[in-house]
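So the structure is just underneath, and the comments pick up after that.
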Amino acid sequence: MQVFVEAVGVLAPGMPDWAHAQAVLAGRLPFVATPLAVPAPASLAAAERRRSSPTVRLAIAAAEQALQQTPIAAPEMAMVFSSYEAAGVITHQLCEALAGSREVSPTQFHNAVHNAPSGYYSIAMHAQLAANSVCKGPWSFAAGLLDAAANAVADQLPVLYVCYDSPLPPPLVNVMPVLASSAIALVLTPARTPRSLAGWQLALEPSTQTTAWPAWMPPSWQANASARGFAALTTLIPGAAERVALPLSPELQLRVSRC
């Protein structure tokens with residue numbers, strides 16, 4: 001299956017955008033894990049920003065970066081959002097409420113669902129095409145990318161793919177140790193355009209070994225499903241990796257080859 005990468009958005013500590021991430025991945029710039037500023041998506045009205053969760057704002061801010069690099073309008077794209085745990089601190093707050101007063105805030109409740117980021121995005125952008133929310137634990141990046149690519153090829157439409165993770169508080173962090181925010185947004189098209197950064201050939205294959213993390217990446221990112229996406233981004237850089245394997249399950253991996 002072949003798709004083409006039209007645009008990229010990146011948000012992570014030390015990587016405020018794709019240009020900065022590209023320099024790090026190409027070895028032109030040393031990685032420095034500077035704190036990530038709290039995103040404030042321009043597409044969300046002030047009232048919506050106040051009501052939304054940090055995870056929602058992270059995902060939409062990464063998507064906005066990608067949209068700035070393509071003339072394809074948001075309403076013309078289908079959407080796939082994926083995350084290891086898409087509600088973050090909101091899940092913890094709901095658990096505290098249920099363990100205490102049992103009075104759950106309606107705002108917290110609607111932010112707790114896994115498709116809250118895609119819901120906020122689709123409303124803000126007037127995007128009415130299909131929107132999928134994917135969760136496959138630590139394998140969520142590969143699972144979401146496979147879904148987005150399949151949608152692009154099957155429907156012959158551009159697809160916005162966003163994978164994101166935000167920190168969890170204790171005690172949830174003891175089970176799911178997401179310690180840092182990271183997000184990657186991609187605009188995928190079924191055919192090459194003048195703006196295509198590269199083509200990707202995707203193939204499923206048996207998992208042969210544990211995929212190593214890049215040397216520059218802090219260990220604190222290794223619980224983030226979205227952090228696996230940085231390996232795929234290296235294939236967009238001329239002279240860098242031509243192919244990478246992304247874990248999809250204990251038995252399978254998704255082979256991403258530049259074409």
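Along the sequence shown, residues carry numbers from 1. For clarity, every value in this text was computed on a predicted model and none was experimentally measured.
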Next on the checklist: Would Ser257 and Trp200 count as a side chain to side chain donor-acceptor pair (under 3.5 Å) here? Give the steps.
Outcome noted: CA-CA 5 Å; Ser257 303; Trp200 275 349; over 6 Å; no
Checklist entry - Under a 4.5 Å cut-off applied to non-hydrogen side-chain atoms, are Phe230 and Trp221 in contact? => result yes
Checklist entry - Can you tell me if Arg57 uses its side chain to pair, donor with acceptor, with the backbone of Ser52 under 3.5 Å? => result yes
Next on the checklist: Looking at Asp165 and Ala225, would you say the former's side chain and the latter's main chain have a donor-acceptor pair under 3.5 Å?
Outcome noted: yes
Checklist entry - Are Ile184 and Leu58 grouped together when hydrophobic residues (ILVMFWY) are joined by side-chain heavy atoms under 4.5 angstrom apart? => result no
Next on the checklist: Before you tell me yes or no, could you show the steps for Ser182 and Ser226 under side chain to side chain donor-acceptor pair (under 3.5 Å), namely the whole-Å CA-CA distance, both residues' side-chain angles and the distance that decides it to 0.1 Å?
Outcome noted: CA-CA 6 Å; Ser182 58; Ser226 53; 2.7 Å; yes
Checklist entry - Ser207 versus Leu252: any side-chain heavy-atom pair under 4.5 Å? => result no
Checklist entry - Below 4.5 Å, heavy atoms only, C-beta onward: do Arg195 and Pro71 meet side chain to side chain? => result yes
Item to check | Working for side chain to side chain contact (heavy atoms under 4.5 Å, CB included), residues Trp18 and Leu236 | outcome: CA-CA 11 Å; Trp18 168 231; Leu236 302 178; 4.3 Å; yes
Next on the checklist: Given 3.5 Å as the limit, does a donor-acceptor pair link the side chain of Asp147 with the main chain of Val134, or not?
Outcome noted: no
Checklist outcome for this item: Heavy-atom nearest pair, Ala62 first then Ala185, reads O-CB, 3.3 Å
Next on the checklist: Membership question, hydrophobic clusters at under 4.5 Å side-chain separation (ILVMFWY): are Leu11 and Val56 in the same one?
Outcome noted: yes
Item to check | Any side-chain heavy-atom pair of Ser82 and Tyr164 under 4.5 Å | outcome: no
Checklist entry - If you draw a 6.0 Å radius around CD in Gln128, do more than 12 non-hydrogen atoms from other residues or ligands fall strictly inside? => result no
Checklist entry - Is a donor on one side and an acceptor on the other found under 3.5 Å between the side chain of Gln65 and the backbone of Pro16? => result yes
Checklist entry - Rounded to the nearest 0.5 Å, what separation is found between the CD atom of Glu205 and the CD atom of Gln253? => result 4.5 Å
Item to check | Separation of Leu160 CG from Asn151 CG (nearest 0.5 Å) | outcome: 12.0 Å
Item to check | Atom of Ala191, atom of Phe4 and distance for their closest heavy-atom approach | outcome: C-CD1, 3.4 Å
Checklist entry - Would a 4.5 Å heavy-atom cut-off, applied to side chains only, mark Trp139 and Pro250 as touching? => result yes
Checklist entry - Honestly curious: do Met1 and Val244 fall in one hydrophobic cluster under the side-chain, below-4.5 Å linking rule? => result yes
Next on the checklist: I'd like to know whether Leu204 forms a side chain to side chain contact (heavy atoms under 4.5 Å, CB included) with Leu146, so could you lay out the CA-CA distance, the side-chain angles of the two residues, the decisive distance to 0.1 Å, and finally the verdict.
Outcome noted: CA-CA 9 Å; Leu204 292 176; Leu146 183 60; 4.1 Å; yes
Next on the checklist: Testing the basics here: between Met15 and Val24, what is the closest heavy-atom pair and its distance to 0.1 Å?
Outcome noted: CE-CG1, 3.5 Å
Checklist entry - Hey, mind stepping through Val159 and Val3 against side chain to side chain contact (heavy atoms under 4.5 Å, CB included) and telling me if it holds? => result CA-CA 10 Å; Val159 176; Val3 292; over 6 Å; no
Checklist entry - Between Val80 and Gly144, which heavy-atom pair has the shortest distance, and what is it? => result CG1-O, 3.7 Å
Checklist entry - How far apart are the closest heavy atoms of Val162 and Ala63, and which atoms are they? => result CG2-CB, 4.0 Å
Checklist outcome for this item: When every non-hydrogen atom of Leu179 is compared with those of Asn224, the smallest separation belongs to N-OD1, 4.3 Å
Checklist entry - When you look at CZ of Arg255, are more than 12 heavy atoms from neighbouring residues, nucleotides or ligands closer to it than 6.0 Å? => result yes
Next on the checklist: Check whether Asp17 reaches the backbone of His20 with its side chain - one donor and one acceptor, N or O, closer than 3.5 Å.
Outcome noted: yes
Checklist entry - For the side chain of Ser140 and the backbone of Lys136, is there at least one donor-acceptor N/O pair under 3.5 Å apart? => result yes
Checklist entry - Can you hop from Met217 to Tyr84 via hydrophobic side chains spaced under 4.5 Å? => result no
Checklist entry - Is the shortest heavy-atom distance from the side chain of Met79 to the side chain of Ser118 under 4.5 Å? => result no
Next on the checklist: Would a single hydrophobic cluster contain both Val5 and Val256, if residues Ile, Leu, Val, Met, Phe, Trp and Tyr are joined by side-chain heavy-atom contacts under 4.5 Å?
Outcome noted: yes
Checklist entry - Just wondering, do Val178 and Leu172 contact through their side chains at under 4.5 Å, heavy atoms? => result no
Item to check | side-chain contact (heavy atoms from CB on, under 4.5 Å), paired with Met77, selected from Leu157, Leu188, Leu67, Leu129 | outcome: Leu67
Item to check | Leu233 side chain reached by Leu186 side chain, heavy atoms, under 4.5 Å | outcome: yes
Please list every donor-acceptor pair under 3.5 Å in which a side-chain atom of residues 27-48 meets a protein atom from a residue at least two apart or in another chain.
| residue | atom | partner | partner atom | Å |
| --- | --- | --- | --- | --- |
| Ser43 | OG | Glu64 | OE2 | 2.7 |
| Glu48 | OE2 | Arg51 | NH2 | 2.3 |

Next on the checklist: Pair Thr70, Glu6 - check side chain to side chain donor-acceptor pair (under 3.5 Å), show working.
Outcome noted: CA-CA 7 Å; Thr70 176; Glu6 171 97 357; 3.1 Å; yes
Checklist entry - Is a side-chain N or O of Ser83 found less than 3.5 angstrom from the main chain of Glu85, in a donor-acceptor match? => result yes
Next on the checklist: Please confirm whether the ring centroid of Tyr161 lies under 6.0 Å from the ring centroid of Phe81.
Outcome noted: no
